[in-house]
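For reference, the structure discussed in these notes is given below.
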Amino acid sequence: MAFVEIENLSVAFGRSMALRGINLSVERGEAVGLVGESGCGKSVTWLAALGLLPASATVRGSVWLDGKDILGAPKARLEPVRGGRIAMIFQDPAASLNPVHRIGRQIGEALTLHRGMTGERAKAEVIRLMDQVGIPDARNRINAYPHELSGGQNQRVMIAMALAGEPELLVADEPTTALDVTIQAQILDLLTTLRRDTGMAMVLISHDLGVVSETCSRIAVMYAGRIVEEAPSGQIFSHPGHPYTRGLLGSLPPLTGPRRRLVAIPGSVPEAARMPSGCAFAPRCDLSTELCAQVDPAPLPLADDHSAACVFAKPYQRNVHPVAGEGAFARERVLQ
Amino acid sequence: MVDATSSPAGTGGSLITRLLSRFATGNRMPLLIVIAILWLVLMLAIAVSADLISPYRFTQMDLRNRLSLPVFMGGSWRHVLGTDELGRDVLSRLITSIRMSLLIAFGATIIGAVIGVTLGFVAAHFRGIVEQAVLALVDFSAAIPFLVLALAVLAFFGNSLVLFVCLLGFHAWERYARIARGLAISGKTHGYAAAVHQLGASPWRLYGRHILPNIASTLIVSMTLAFPEIILLESGLSFLGLGIQPPDTSLGNMVGFGREYLSSAPWIMLAPAFVITVTALCVSLLGDWLRDRLDPTLS
Amino acid sequence: MLQYLLSRLLRAAVSIVMVVTFVFVVLRMSGDPATVIMGADAPPEAIDAFRKAWGLDQPLWVQYFAFFEAVFSGELGRSMRDGRDVVAVVLERVPSTLALTIPAFFVNIAVGIPAGVYAALHRNSLIDRCVMVMAVTGFAVPSFILAMLLVLIFSVTLGWLPSAGQDSWRNAILPIATMGFGGAALLARFTRSAMLEVLGQSYIRTASAKGLPWSAVVWRHALQNAAIPTITIIGFMLGGLVAGAVVVESVFSWPGVGRLLVVSVANRDLAVVQAVVLMIAMTMVAANMVVDVLYGLVDPRMQGQARAARR
Amino acid sequence: MSGGTAELLEARDLARSYMMHRGFLGRTTQVRAVDGVSLSLSRGETLGLVGESGCGKSTTARLVLGIEPPDEGAVTFDGTAMPRSGTSNWAALRRRMQMVYQDPLQALDKRLTIGAQVAEPLDIHRIGTSAERRERVAAVMAEVGLQPHHAARHPQSLSGGQRQRAVIARALVTNPDLLVCDEPISALDVSIQALVLNLLMDLQERSGMGMLFVSHDLRAVRQISHRVAVMYLGRIVEEGEPDAVLQDPAHPYAQALVSAIPHPGKTAARVILQGDPPNPANRPSGCAFHPRCPVATATCRTEVPVLKPRRSDGRRVACHVAHGEAAPARAPTMLETC
């Protein structure tokens with residue numbers, strides 16, 4: 001049993017199914033990437049796990065934390081987990097901080113809650129946390145308000161707030177989407193060093209394959225409320241098993257090598273209320289046959305730790321040192 | 001607003017509800033809204049056909065049976081809602097008052113909307129000093145409660161129907177000005193209006209064909225919210241004897257004149273009071289419902 | 001912070017100037033001010049004396065400044081009915097108006113805000129529906145009809161409370177109830193929508209994700225943010241304290257400023273009307289100033305502009 | 001691909017600043033969004049303008065189109081000076097230059113059908129009879145890959161990609177010579193971005209129009225541009241061939257920008273810039289990048305570097321160190337791009 005195990009999680013808002021059975025596990029200290037385009041349900045997964053969805057959502061399945069199911073757990077058991085064992089940071093830093101509270105107080109709040117610190121001891125710890133996440137001149141910035149800081153600094157405050165509860169798992173929901181690329185590099189670098197120092201596990205949710213590939217050891221690709229492929233990050237790029245993953249990789253403009261025409265996936269994501277029968281990607285997939293319209297494929301193992309939910313996915317023998325990098329992928333693509 | 005679902009066909013399946021249910025795409029229209037619409041349709045019908053359906057001329061006196069009881073309190077069918085202190089038939093006075101009050105409310109709302117939207121567009125288009133001037137006017141009209149402003153003007157100018165309607169027109173103008181200016185500016189800076197300007201469109205085409213239709217729904221919703229306020233203001237002023245002057249009659253001054261006879265003949269006051277309250281209630285319910293459907297952001 | 005206050009002070013000054021100009025213009029446009037104020041039948045020499053006192057023979061802009069001077073020095077002429085100085089006439093009525101409006105103001109806040117907050121927290125529950133129905137009826141039922149109904153029920157049929165006059169505190173109950181209900185309904189509706197909007201913000205979700213119990217999230221995070229828009233409405237009500245009771249005072253013939261205004265308008269005692277309007281405008285502008293200051297205290301973003309500039 | 005005739009678009013030393021003032025009476029601070037930008041564009045060529053938020057790339061696009069008048073400098077289009085915005089010949093010129101926006105839903109009018117909006121430029125400029133206009137609309141909608149039945153639909157009922165195609169169709173219906181795209185794909189999902197990029201490249205090949213492509217996404221800019229200019233705090237710091245700028249960026253900021261792009265399977269050492277871009281209200285002295293530049297020298301802190309071609313390969317760069325005019329403070333981290 002992994003540290004956190006999501007088992008057959010499904011979420012519906014009224015008639016539309018946002019999640020259609022998610023199975024995902026996170027080991028202690030591991031970094032898992034959750035990739036998918038908007039509307040695929042990647043954020044909803046963890047909001048549901050922590051019970052942060054609005055009351056109108058019907059949630060089914062289970063989320064095992066150290067062997068105990070926290071999904072739908074009573075408040076008394078769930079609240080210590082939030083921020084104490086699993087912390088979450090969000091996409092838009094400016095909107096995710098309380099505009100009328102000083103940042104020192106917002107960080108301190110989690111300290112008092114989970115580690116019982118108050119007064120001077122808490123203030124010292126807040127300053128240490130702010131230094132740890134790289135907020136310059138922490139001592140004077142403790143009384144600043146969110147609107148007086150830049151996007152990057154606000155995101156660092158969010159991270160400090162998450163660290164205050166000394167969580168064992170940090171869920172980062174599109175932490176750098178609203179930031180410029182040089183600031184994004186700073187935040188990703190910060191997250192990697194923090195994981196190295198504290199040993200906490202991380203789930204990085206993003207729509208950008210590049211962001212996820214560098215910081216996570218394992219990647220799960222999501223489409224229309226389902227995980228369609230899961231593999232170590234190197235394998236996803238060298239041996240993409242699911243046509244949707246191949247489509248995503250194909251539509252990424254290459255940084256080096258010859259400029260080839262981008263592979264554009266036709267059509268658009270099906271609406272949650274009107275999900276097609278069989279495989280959800282079938283209407284847009286160039287390999288789809290009538291079989292795909294009937295069968296809703298379960299994840300098929302392709303190699304020891306690589307699975308893809310597609311009837312045409314081809315198992316392969318994983319050689320010892322997978323050839324990383326773009327080159328391998330381009331050549332492979334041409335041969336197919 | 002109890003949200004009871006009932007098929008419009010059940011409530012007499014009137015054309016209006018079927019027409020409007022097209023509006024309520026998806027879920028059915030709540031019962032309360034159907035009732036509100038039916039009441040307003042009734043009011044409009046009365047206002048339009050006032051002369052035809054009122055049993056007596058509203059000024060016709062019948063001193064012999066003055067203060068006679070309405071039929072449901074034991075009175076005769078000759079005067080269904082009874083008579084007032086001068087023996088005038090309360091029902092016919094009510095019907096004429098409804099026409100007068102609705103006329104004033106419609107007129108004032110339209111005037112307010114036209115003034116407000118024009119000034120709003122002027123502020124949005126010219127910006128700079130002109131915009132500051134319009135905003136100063138908006139601040140000014142927020143500085144005095146409207147009722148006091150109206151009283152002051154009525155005091156100095158005396159009372160005439162046209163002045164009274166224009167005055168009520170000034171009630172909610174700054175609300176429309178603020179909305180029109182805000183939406184026009186947001187449209188012009190990064191919205192569809194900026195794009196059309198980029199196509200080379202003239203300002204007239206920009207405001208007429210694009211900005212106005214787009215903010216029409218927001219304006220209509222705020223008009224339905226201002227409409228009951230104007231009814232209340234008109235009846236408040238008339239109640240104080242400063243609005244509609246006799247021989248004309250409006251719902252407000254009917255309540256005002258009915259006051260002396262509150263203990264002896266309460267029906268003189270209750271009939272118009274009931275109509276004012278229910279009409280204002282129906283219009284604001286409809287306004288809330290329209291707002292949720294058309295423009296949820298304007299909460 | 002100072003800079004922010006300065007700009008609000010300037011806006012208030014502009015509003016006052018416009019109010020005074022409005023009264024000046026309205027007076028001038030309605031015919032010859034002297035005859036209008038002194039009344040057509042007043043003896044000619046009284047009218048000439050009035051004209052000289054107000055400098056009506058001078059060019060318009062001289063009159064304009066003279067009028068300003070008169071306004072700020074408090075000599076606004078004499079009441080036509082009893083010849084007393086209008087400012088005194090108006091000021092003596094203020095205490096009785098405040099005796100009604102201040103308790104009503106507290107009723108509004110004590111009932112309106114908790115009801116709005118509770119309704120927002122328990123959306124679509126029975127309480128929420130009740131608050132919304134009360135809010136809409138409170139908005140739809142005009143104060144004078146509500147007043148008449150209360151009189152009909154409590155003094156005419158039940159006979160518990162007096163229906164008019166000001167002889168004992170029991171006379172004040174019905175007027176306060178009338179204004180209290182209307183104001184509370186408006187405030188409840190407004191607080192509810194302000195709270196709902198705040199509860200939808202992502203910093204509320206962050207607070208819950210931090211592990212805060214829901215009650216702490218509401219008290220520490222939601223309420224302060226919902227207070228910001230609510231202050232505007234409270235400020236408006238504060239401003240209406242003096243003017244708010246015009247209709248209610250007339251129904252209950254309560255001798256306040258509102259009633260004075262109605263009576264003066266009825267018998268065209270224009271000097272008094274002018275004084276009342278100016279005083280009400282001044283209190284409204286002052287109230288808006290108070291609201292702006294409160295804004296600065298509650299919402300650091302307003303204050304922040306000044307602070308960020310200094311940093 | 002420099003066209004024989006005069007440059008399609010020529011901009012000389014453009015500068016534009018905005019007044020930022022606090023409150024009614026507050027001090028006004030002057031923010032120089034664009035500080036001396038020169039660029040030229042010929043027919044059939046795409047110039048990519050790349051930089052982070054606040055670098056002035058969108059303002060430059062608006063200055064080039066004449067939507068806003070520059071405080072300094074001038075813009076000439078096809079040899080003639082750009083008329084002031086709002087004047088009648090400015091409006092007439094719209095026929096020949098068009099814009100594509102970041103958020104397609106906001107750029108379209110929710111009240112009108114797609115067909116009506118694509119035809120609007122023809123109505124405004126009174127081009128052809130109504131029959132010809134209908135034909136032209138159908139043709140341009142097909143060209144951008146929209147089906148005929150989309151013409152009767154409203155923007156809200158289309159997907160993000162279809163809406164952006166409608167915006168592009170509206171821009172192309174008058175056959176413009178210049179198309180300015182301001183972050184046209186950043187609001188779209190990855191798979192839809194590829195569609196729009198392919199579409200823009202095909203359209204340019206067919207129509208031979210000039211294109212200014214403004215984006216913060218260096219990968220998209222590389223995919224579509226023939227020439228790329230990197231901007232920082234209102235100035236162009238480097239300009240050249242996309243592959244050259246990406247493989248071997250000359251300006252330290254361009255190096256950091258290229259290395260910061262997260263890329264699958266990338267193992268290279270990364271240059272992490274410290275701190276945030278400075279507030280344009282108080283620009284650092286000399287080269288605006290010196291506070292964050294790993295190789296900044298005394299000259300960099302005092303003298304503003306000029307954008308001029310490098311002796312070695314003619315790459316235009318605005319950096320004393322890159323031009324060898326100043327010894328780097330310490331050995332520039334040898335950047336090995338994957």
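By convention in this document, chain letters (A, B, ...) are assigned in the order of the sequence lines, proteins followed by strands, and residues within each chain are numbered from 1.
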Atom pair CG/CG of A:L248 and D:D189 - distance to nearest 0.5 Å: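 The CG atom of D:D189 is 9.0 Å from CG of A:L248, to the nearest 0.5 Å.
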Can you tell me how far CG of D:L197 sits from CG of A:L262, rounded to the nearest 0.5 angstrom?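 Going from CG on A:L262 over to CG on D:L197, the span is 6.0 Å.
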Can you confirm whether A:E271 is buried at CD, in the sense that more than 12 heavy atoms of other residues, nucleotides or ligands lie under 6.0 Å from that atom?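 Incorrect, the count does not exceed 12.
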Does D:R206 have more than 12 heavy atoms from other residues, nucleotides or ligands lying within 6.0 Å of its CZ?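 Yes.
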Pairing donors with acceptors under 3.5 angstrom, does anything connect the side chains of A:S251 and D:Q193?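 Per modelled atom types, A:S251 and D:Q193 side chains form no pair under 3.5 Å.
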Would you mind checking which part of D:D217 comes under 4.5 Å of any heavy atom in chain A, side chain (CB onward), backbone (N, CA, C, O), both or neither?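 When you check distances to chain A, no heavy atom of D:D217 falls under 4.5 Å.
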Measure D:L273 against the heavy atoms of chain A and call it side chain, backbone, both or neither at under 4.5 Å.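 Both parts, heavy atoms under 4.5 Å.
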Tell me which of these, A:A264, A:G39, A:P266, A:G134, has more heavy-atom pairs under 4.5 Å with chain D than the rest.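 Highest number of pairs under 4.5 Å: A:A264.
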Contact class of A:R284 relative to chain D, heavy atoms under 4.5 angstrom: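 Interface part for A:R284: side chain.
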Engaged part of A:T182 at the chain D interface, taking heavy atoms whose separation is under 4.5 Å: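 Interface part for A:T182: both.
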Over all heavy atoms of both residues, which pair between [X] and [Y] is shortest? Give the atoms and the distance, please.
X      : Y      : answer
A:E37  : D:V190 : OE2-N, 3.4 Å
A:I265 : D:L195 : O-CD1, 4.2 Å
D:I261 : A:E214 : O-OE2, 4.2 Å
D:Q223 : A:R260 : NE2-O, 3.1 Å

Under 3.5 Å: donor-acceptor pair, side chain of D:R222, backbone of A:P253: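 Side chain of D:R222 to backbone of A:P253: no pair is present.
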Residue pair A:R261, D:D202: steps toward the salt bridge (charged side-chain N to carboxylate O under 4.0 Å, His left out) verdict: CA-CA 10 Å; A:R261 189 169 175 73; D:D202 300 344; 2.8 Å; yes
Any side-chain heavy atom of A:V181 sitting closer than 4.5 Å to one from D:P262?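 Sidechains of D:P262 and A:V181: in contact.
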